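Report on the following structure.
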Amino acid sequence: MAKFDLKGRKALVTGGARGIGAGIAEALAAAGASVMIGDVLADLGRETASRLSASGAKMGFVPLDVTKDGDWASATETTVKELGGFDILVNNAGIEITSLVIDVDGDDLRRMLDVNVAGTLLGMKHAFRAMRPGGGAGGGGAVVNIASVAATIAFPAIAGYSATKSAVDRATRVAAMESGKLGYGVRVNCIYPGLVPTDMGMKLASDIVAAGLAPSVEAAVGDVIGQTPLGRLGEVGDMADVVVFLCSDAARFITGAGIAVDGGMGM
Ligand code: NAI
């Protein structure tokens, strides 16, 4: 049984083709929302949407590169048209390119800034335009940005990524303040996931080994678990449940908040 009710809500989840985003799309649908997945991976995105629709939920896929303003305009329009509104945006799409500071590459940094920071801000721009009163999407809503525990603590070999996720954290606060003060009626929050063994999470563990910071992937993962008071890695469902809560009316007085979903790693 769904823990929070999102019946009638219409959601767009970026980077929903796989990993944490696919889990968030599934959990929103299980809570009663209609969900559009936006991703650069069109085949996988369609496959995920069709798999999740087997539960009876209304699901769709829209091609979306979050770095492109024009893609956002059409993804927003498609969401409103196909779902009949747009009141939840989960800015989940993100990339991580591991590097020690001593080896930092400018192009890699700019790519991460583009996807993680510009992608999130462009998403909030289009969500605000559509969701604010008279915006055409029904009015009111919720945005959840996926930051990272890396925005709250130092972890080696991810200085660039950490910088982008700290930016997501700060942008969340400013956006929440603007939305509140200007009467857009959109709550904006973020979560800080701990390490989750998705494609991204496991690649990071291998990169840590390649950077000479751990003797093996098992040791790298073991180090993270050792730093986590709850004694395990995060699961996709741990993240998805908190996103569902933040999108629900149970969180109606929460905006501009960042919630650590990291087993206590960043406390
Ligand atoms: P993943 O790499 O498994 O999935 C990321 C998804 O985003 C993919 O479907 C990918 O195609 C999509 N994507 C990438 N660039 C895109 C773009 N320009 N436009 C649209 N879609 C794009 O990653 P994972 O682990 O599921 O991560 C999801 C989010 O959670 C990311 O923002 C990540 O930074 C964050 N996160 C992940 C953690 C982890 O340990 N896995 C820890 C903390 C935060």
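First listed ligand is number 1; within each ligand, the first listed atom is number 1. In this text, all values refer to a predicted model and were calculated from it rather than measured experimentally. Positions are given from 1, in the same order as the sequence printed here.
- Among all non-hydrogen protein atoms, the one lying nearest atom 9 (O) of ligand 1 is Asp39 OD2, 2.7 Å.
- Looking at ligand 1, you'll find an N or O of Thr198 within less than 3.5 Å of one of its N or O atoms.
- Nearest protein heavy-atom contact of atom 36 (N) of ligand 1 is Tyr161 OH, 3.5 Å.
- Shown in contact with Gly19 at under 4.0 Å from a heavy atom are these atoms of ligand 1, numbered in order with element: 26 (O).
- By the 4.5 Å heavy-atom criterion applied to side chains, Leu230 and Met265 are not counted as neighbours.
- Between atom 40 (O) of ligand 1 and the options Val13, Val115, Val196, Ile37, the minimum heavy-atom separation is to Val196.
- Of all atoms in ligand 1, numbered sequentially from 1 with element shown, those under 4.0 Å from a heavy atom of Leu195 are 40 (O).
- Comment: Asp249 does not engage Arg252 in a salt bridge, judged by the lack of any side-chain N to carboxylate O separation of less than 4.0 angstrom.
- Look at Arg111 and Asp108 and you find no salt bridge, because none of the NZ, NE, NH1 or NH2 atoms lies under 4.0 Å from a carboxylate O.
- Here the protein heavy atom with the shortest distance to atom 23 (O) of ligand 1 is Met200 CB, 3.5 Å.
- Of all the atoms in ligand 1, the ones that sit under 4.0 Å from a non-hydrogen atom of Gly194 are 40 (O), 42 (C).
- Using a 4.0 Å cut-off between charged nitrogen and carboxylate oxygen, Arg173 and Asp169 count as a salt-bridge pair.
- Scanning the protein for heavy atoms near atom 21 (N) of ligand 1, the closest one is Ala93 CB, 3.5 Å.
- Val196 places none of its side-chain heavy atoms less than 4.5 Å from the side chain of Asp238.
- Less than 4.0 angstrom separates some heavy atom of Asp65 from each of these atoms of ligand 1: 17 (C), 18 (N), 19 (N).
- Using a 4.0 Å cut-off between charged side-chain N and carboxylate O, Lys125 and Asp69 make a salt bridge.
- In Lys165, the part holding a heavy atom less than 4.0 Å from any atom of ligand 1 is the side chain.
- Side-chain contact check for Met124 versus Asn91: some heavy-atom pair is nearer than 4.5 Å.
- Across Thr255, Asn189, Asn145, a single residue satisfies side chain to side chain donor-acceptor pair (under 3.5 Å) together with Thr172, and that is Asn145.
- Each of the atoms 40 (O), 41 (N) of ligand 1 lies under 4.0 Å from some heavy atom of Gly201.
- The option with the heavy atom closest to atom 29 (C) of ligand 1, from among Thr14, Asn92, Ile20, is Asn92.
- Using a 4.5 Å cut-off on side-chain heavy atoms (C-beta onward), Met202 and Val217 make contact.
- Protein heavy atom nearest atom 30 (O) of ligand 1, with residue, atom name and distance: Ile146 CG2, 3.4 Å.
- Where the criterion is an N or O separation shorter than 3.5 Å, residue side chain and backbone included, Thr67 fails it with respect to ligand 1.
- Note on ring orientation: taking the six-membered ring where Trp is involved, the planes of Phe4 and Phe245 are tilted (angle from 30° to 60°).
- The backbone of Ala147, and not its side chain, has at least one atom closer than 4.0 Å to an atom of ligand 1 (non-hydrogen atoms only; backbone = N, CA, C, O).
- Atoms of ligand 1 found under 4.0 Å from any heavy atom of Leu64, numbered from 1 in the order shown, are 19 (N), 20 (C).
- In this structure, atom 6 (C) of ligand 1 lies nearest to the protein heavy atom Gly15 O, 3.6 Å.
- Heavy-atom distances between Lys203 and ligand 1 stay at or above 4.0 Å for every pair.
- Heavy atoms only, all atoms of each residue included: Ala25 and Val13 are closest at CA-CG2, 4.2 Å.
- Remark: among candidates Val149, Ile24, Val66, the nearest residue to atom 19 (N) of ligand 1 is Val66, based on non-hydrogen atoms.
- The nearest non-hydrogen atom to atom 4 (O) of ligand 1, considering only Arg18, Lys68, Met202, comes from Arg18.
- Nearest protein heavy-atom contact of atom 5 (C) of ligand 1 is Gly94 O, 4.0 Å.
- Ion pair Asp105/Arg110 not flagged as a salt bridge, since none of the NZ, NE, NH1 or NH2 atoms sits closer than 4.0 Å to an Asp/Glu carboxylate oxygen.
- Considering only heavy atoms from C-beta on, Val66 stays 4.5 Å or farther from Leu122 through its side chain.
- In terms of protein heavy-atom proximity, atom 16 (C) of ligand 1 is nearest to Val40 CG2, 3.9 Å.
- Atom CD of Glu77 has 12 or fewer heavy atoms from other residues, nucleotides or ligands within 6.0 Å.
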